[in-house]
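A short worksheet on the structure shown next.
Below, chains carry the letters A, B, ... as their sequence lines are ordered, and counting in each starts from 1.
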2 protein chains.
Amino acid sequence: MDQSVLMSEKARNDADDTPEFGQLDGIVGFHIRLAHGAVYRHFTETFTGLDLTQKQVSVLWLVGENPGVAQIELGGRLRMDRATTMTIINRLQARGYLRRERSSSDGRKQALHLTPEGEAALEQAKNSIAEHEAWLKGRFTPQEVEKLVEMLERIHE
Amino acid sequence: MDQSVLMSEKARNDADDTPEFGQLDGIVGFHIRLAHGAVYRHFTETFTGLDLTQKQVSVLWLVGENPGVAQIELGGRLRMDRATTMTIINRLQARGYLRRERSSSDGRKQALHLTPEGEAALEQAKNSIAEHEAWLKGRFTPQEVEKLVEMLERIHE
DNA sequence: GCGAATTTGTTAGTAGAGCATACAATTATC
DNA sequence: GATAATTGTATGCTCTACTAACAAATTCGC
């Protein structure tokens, strides 16, 4: 049924078949977006049981490693503005994974802490992350992973 | 009970200073997400005049290089499902940048074409993209750019 | 050839993430 | 002490992505 063997590549590409990237293929930002999409997709597939997004896990992770951290500091690290940080914190608090405390040293700040449930969820999340990272790192040698991370850091400062 | 007696330097670092990435720093997916965010942010800043998103520009670009392409094929290339592709196409069509035509070879498909306005917008977008890419590539040597793109392609296949 | 399955487009609804704006409370600055 | 800046909060909007269901066209199985 597939008569493509009888047609030249050019003819197939011209009209009705799958499009080529063409010049778009040389755009670095384009590849970053596609790679991010692929990672995001695999992440959500890996996290079917635990219902957490990348952002939520990052927040739990950072709160776990920095108990008492303020929202503004979290947002600064994860490059989120205050409003975005709020919605994520609200969601995690509503699910009982973390709690707010007024900072004793600065009354404007909220000190964030994990609840026991939050710690358990983070622990479980780290296992899924390990699996997810293995999938991702499997394409590269250790040297390449190091180089990739270093270059990505140059982008996000 | 924790009292102020225990408020040592370490305690102060835990509570009041900027958080560290800690173990999160070794997660490749985390850096991809941050890099993507940085690129996305600079993109929107570069595109203040022309009101187009990355996705919309990618679609215009691919339609421009593949006139008559179907929505399903576009979505396949950009890793979008049919519903997501629809909303983007709808938006671009509403702004008069592209038009739908029934495919003659397959009545189920819509053949997509740029309007003259769409071609003009794409031309303008490519100029902004060039500026945006210069900002991005400025951090790397040509060899590094090549390696980065090659590694990102390994992620998104 | 004909009925059934598949593909493509469409619509509607849901959700996460991001951004802008405005406001209140607290702290810092002059 | 008055004013400015910081932090959290609330509201509303946009874009992207996903699911589910449906219709029309095509392809497949018999």
For B:Arg108, the side chain to side chain contact (heavy atoms under 4.5 Å, CB included) test, sequence neighbours excluded, returns B:Asp106
B:Glu146 meets the side chain to side chain contact (heavy atoms under 4.5 Å, CB included) criterion, sequence neighbours left out, with none
Could you check how far [atom1] of [X] sits from [atom2] of [N], rounded to whole Å?
| X | N | atom1 | atom2 | result |
| --- | --- | --- | --- | --- |
| B:Glu73 | C:dG9 | CD | C1' | 13 Å |
| A:Ile72 | D:dA5 | CD1 | C1' | 12 Å |
| B:Leu52 | D:dT14 | CG | P | 16 Å |
| B:Ile89 | D:dC15 | CD1 | C1' | 15 Å |
| A:Gln71 | D:dT6 | CD | P | 17 Å |
| A:His42 | D:dA17 | NE2 | C1' | 18 Å |
| B:Phe43 | D:dC15 | CZ | P | 13 Å |
| A:Gln110 | C:dA24 | CD | P | 18 Å |

Residues which pass side-chain hydrogen bond (donor to acceptor under 3.5 Å, both in side chains) with [X], listed by chain and number, not counting sequence neighbours:
| X | result |
| --- | --- |
| A:Arg82 | none |
| B:Glu157 | A:Arg139 |
| A:Thr87 | none |

Distance-only criterion, 3.5 Å: show the donor-acceptor pairs between side-chain atoms of residues 41-52 of chain A and protein atoms not counting sequence neighbours.
from    : atom 1 : to       : atom 2 : distance (Å)
A:Arg41 : NH2    : B:Arg79  : O      : 3.4
A:His42 : ND1    : A:Thr46  : OG1    : 3.3
A:His42 : ND1    : A:His132 : ND1    : 2.8
A:Thr44 : OG1    : A:Tyr40  : O      : 3.4
A:Thr44 : OG1    : A:Arg41  : O      : 2.8
A:Thr46 : OG1    : A:His42  : O      : 2.8

Students should find that the end-to-end axis angle of the helix from C:dG1-D:dC30 to C:dC30-D:dG1, with five pairs defining each axis and rounding to 10 degrees, is 30°
Counting primed atoms, P, OP1 and OP2 as sugar-phosphate and everything else as base, the B/S/- map of nucleotides 25-30 of chain C against protein heavy atoms under 4.0 Å is -BS---
Readout for nucleotides 11-23 of chain C: B = base within 4.0 Å of protein heavy atom, S = sugar-phosphate only, - = neither; 5' to 3' it is BB---SSBBB---
Just list the side-chain donor-acceptor pairs under 3.5 Å for residues 114-128 of chain B, sequence neighbours left out, or say none.
from     : atom 1 : to       : atom 2 : distance (Å)
B:Thr115 : OG1    : B:Gly96  : O      : 2.5
B:Thr115 : OG1    : B:Tyr97  : O      : 3.2
B:Thr115 : OG1    : B:Glu117 : N      : 3.4
B:Thr115 : OG1    : B:Glu117 : OE1    : 3.2
B:Thr115 : OG1    : B:Gly118 : N      : 3.0

Donor-acceptor contact present, side-chain A:His156 to main-chain B:His36, <3.5 Å: no
Residues pairing under salt bridge (Lys or Arg N to Asp or Glu O under 4.0 Å) where one sits in residues 83-99 of chain A, two or more places apart or in two chains, turn out to be A:Arg99-A:Glu101
**Prompt:** Does A:Glu150 come within less than 4.0 Å of A:Arg154, counting only side-chain N to carboxylate O?
**Reply:** yes
Connected to A:Val149, directly or through other members, by ILVMFWY side-chain contacts below 4.5 Å are A:Val28, A:Ile32, A:Val39, A:Trp135, A:Leu136, A:Phe140, A:Val145, A:Leu148, A:Met151, A:Leu152, A:Ile155, B:Val28, B:Ile32, B:Val39, B:Trp135, B:Leu136, B:Phe140, B:Val145, B:Leu148, B:Val149, B:Met151, B:Leu152, B:Ile155
Between A:Arg100 and A:Gly37, the residue closer to the 5' end of DNA chain D by nearest nucleotide is A:Arg100
